[in-house]
There are 2 protein chains.
Amino acid sequence: MDPGEPSVPAPAAAHGGPVSHAIFRLARLHKLTAAQLLRRTGLHPNQELVMMRLWEAGPQRQADLAAAMDADSATITRTIQRLERAGFVRRTPSPTDGRVTMVAATPASRGLRDDVEAVWTELEERTVAGLDEQERATVLRVLDRLEANLTPPGA
Amino acid sequence: MDPGEPSVPAPAAAHGGPVSHAIFRLARLHKLTAAQLLRRTGLHPNQELVMMRLWEAGPQRQADLAAAMDADSATITRTIQRLERAGFVRRTPSPTDGRVTMVAATPASRGLRDDVEAVWTELEERTVAGLDEQERATVLRVLDRLEANLTPPGA
DNA sequence: GACGTATCACTGTTCGGACAGTAGATCGCC
DNA sequence: GGCGATCTACTGTCCGAACAGTGATACGTC
């Protein structure tokens, strides 16, 4: 694959929308890194976010979970199903509201918590490696600014 | 959904890894925005990247496409299949190498080009709206820096 | 109390992405 | 010339994400 090829963004990126391209590439890389780190835990990307939420905030409805992760309810449904199959989560129908099912982390999942947090720590460290405090603040400011720009006015 | 809730990152994001969370959210928003803008073209996110590459660089092998987009060869295979089904792309076996199939944009796809480029222009504008030249440079620097941090040393 | 509306969870479908594994063609080296 | 290593494209499988649509329950209003 052209070993001499520099690991620089393809020239095609230059005119199409440099920031958008950079976001795409960064997003893919970041997700890939997260996936690789998560492998040892047996979780897939974004499953760990659900678990972290459950560990911190306790049992809750899927709708709350979806709102907390700002995710599609369908996505949460299937993620929960997989986590349940894996034994990390338990679902019980709400006694007070026939529509909702409460989701709770299983005791067995508690053993994962340290691993997951270690993964997140490492992911964060890799991401901002070599940046001092001020630079990290800049990074956060930039990302938040872009996010605000793309957030639809309705939300 | 708690209309009074500020559009600020959930508190859960605060300790887990602020930059990583910000990247996740930004990536999702950016992709969602791209998908919405692309709807009028009939393309799905990342299909337009393939088309842009084909329009610019001309017919090429799938392996070249994969390298250019830094994508999995399996992903490219299926993306090309869908683009072919949609009539935007044509595949012809290479006369000189029995392994490769050349991919080319169809004449019919040329009509999309302006639309796609307009979409990318709008996406980029939305993303960096309200930022002056210097700030945009900072954004690019930050994104590139994070990307470099996450790029595996081997690549 | 009945009816219409909203909420909740779910399924179906399509797509991108990653990983693993495969068949065929080409190339290199002996 | 023949044989092994490599390249190319493909399929299978799993996962997250979005959109659309569904049945069941809860709620608010008349």
Side-chain angles (χ1 to χ4, degrees), chain A residues 1-3 24-25 27-39 41-51 60-67 69-86 89 91-103 152, chain B residues 1-3 24-25 27-39 41-51 60-67 69-86 89 91-103 152:
Chain A
M1 288 170 190
D2 260 328
F24 272 144
R25 290 196 311 269
R28 262 237 329 260
L29 256 177
H30 189 256
K31 191 170 185 179
L32 181 62
T33 306
Q36 289 171 343
L37 291 175
L38 277 170
R39 268 202 167 175
T41 69
L43 293 175
H44 292 265
N46 282 39
Q47 293 185 347
E48 95 280 16
L49 293 178
V50 173
M51 293 311 301
Q60 55 200 289
R61 310 178 309 148
Q62 288 190 200
D64 292 338
L65 226 42
M69 341 248 341
D70 198 34
D72 194 285
S73 108
T75 299
I76 292 295
T77 292
R78 278 179 270 245
T79 297
I80 294 297
Q81 288 172 345
R82 283 163 190 144
L83 287 172
E84 189 180 29
R85 246 190 306 162
V89 136
R91 295 187 312 160
T92 53
S94 163
T96 67
D97 189 331
R99 296 167 299 179
V100 330
T101 66
M102 300 296 291
V103 185
Chain B
M1 288 173 191
D2 259 328
F24 272 145
R25 291 196 311 270
R28 261 237 332 260
L29 257 177
H30 188 257
K31 190 170 182 177
L32 181 62
T33 305
Q36 288 171 343
L37 289 176
L38 277 170
R39 268 203 167 174
T41 69
L43 293 175
H44 292 264
N46 283 35
Q47 293 186 347
E48 95 282 15
L49 293 178
V50 173
M51 293 311 301
Q60 54 201 289
R61 310 178 308 147
Q62 287 190 201
D64 292 339
L65 267 170
M69 340 247 341
D70 198 33
D72 195 284
S73 110
T75 299
I76 292 295
T77 291
R78 277 179 271 247
T79 297
I80 294 298
Q81 288 171 346
R82 284 162 190 145
L83 286 172
E84 189 180 28
R85 244 190 308 162
V89 136
R91 295 187 313 162
T92 53
S94 162
T96 68
D97 190 330
R99 295 168 299 179
V100 330
T101 66
M102 299 297 290
V103 185

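Note: hydrogens, waters and symmetry copies are ignored here, and every other heavy atom, side chains too, is used.
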> Relative to the 5' end of DNA chain D, which residue comes earlier, A:T96 or B:Q62, by the nucleotide with the nearest heavy atom?
Replying inline: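 Nearest nucleotide further toward 5': that of B:Q62.
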
>> Tell me every residue that passes salt bridge (charged side-chain N to carboxylate O under 4.0 Å, His left out) with B:R28, counting only those two or more places apart in sequence or in another chain.
In response: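 In terms of salt bridge (charged side-chain N to carboxylate O under 4.0 Å, His left out), with neighbours along the sequence ignored, B:R28 is linked to A:D70.
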
> Looking at residues at least two apart in the chain, or sitting in another chain, which of them share a salt bridge (charged side-chain N to carboxylate O under 4.0 Å, His left out) with A:R99?
Replying inline: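 With neighbours one apart ignored, the set is A:D97.
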
>> Under 3.5 Å for both pairing distances: what stems, at least three Watson-Crick or G-U pairs long, include DNA chain D?
In response: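 The stems that DNA chain D takes part in, listed by first number, are C:1-30 with D:1-30.
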
>> Is any side-chain heavy atom of A:V50 closer than 4.5 Å to one of A:L83?
In response: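 Touching, per the 4.5 Å side-chain cut-off.
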
With a cut-off of less than 4.0 Å, is there a side-chain N or O of [X] near OP1 or OP2 of [N]?
{"X": "B:R91", "N": "D:dC10", "value": "yes"}
{"X": "B:Q81", "N": "D:dA9", "value": "no"}
{"X": "B:R61", "N": "D:dT8", "value": "yes"}

Starting at atom [atom1] of [X], determine the distance to atom [atom2] of [N], rounded to an integer number of angstrom.
{"X": "A:F24", "N": "D:dA17", "atom1": "CZ", "atom2": "P", "result": "15 Å"}
{"X": "A:E84", "N": "C:dC10", "atom1": "CD", "atom2": "C1'", "result": "13 Å"}
{"X": "A:I76", "N": "C:dT11", "atom1": "CD1", "atom2": "C1'", "result": "16 Å"}
{"X": "A:H30", "N": "D:dG16", "atom1": "NE2", "atom2": "C1'", "result": "16 Å"}
{"X": "B:I80", "N": "D:dT8", "atom1": "CD1", "atom2": "P", "result": "15 Å"}
{"X": "B:D97", "N": "D:dT6", "atom1": "CG", "atom2": "P", "result": "17 Å"}

>> Can you identify which nucleotide, out of C:dA9, C:dA25, D:dT11, has its nearest atom closest to the B:T77 side chain?
In response: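 Comparing C:dA9, C:dA25, D:dT11 against the side chain of B:T77, the answer is D:dT11.
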
>> Generate the contact string for nucleotides 16-24 of chain C. Rules: B means base contact, S means sugar-phosphate contact only, - means no protein heavy atom under 4.0 Å.
In response: SBBB----B

Excluding sequence neighbours, so at least two apart, what forms side-chain hydrogen bond (donor to acceptor under 3.5 Å, both in side chains) with [X]?
{"X": "A:R91", "answer": "A:E84"}
{"X": "A:Q60", "answer": "A:R53"}
{"X": "A:T77", "answer": "A:Q62"}
{"X": "B:S94", "answer": "B:T96"}

> Does A:Q36 reach the main-chain N or O of A:A34 with its side chain, forming a donor-acceptor pair under 3.5 Å?
Replying inline: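 No.
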
>> Can you list everything that forms a side-chain contact (heavy atoms from CB on, under 4.5 Å) with A:A74? Sequence neighbours excluded, please.
In response: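 Residues passing side-chain contact (heavy atoms from CB on, under 4.5 Å) with A:A74: A:D72, A:R78.
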
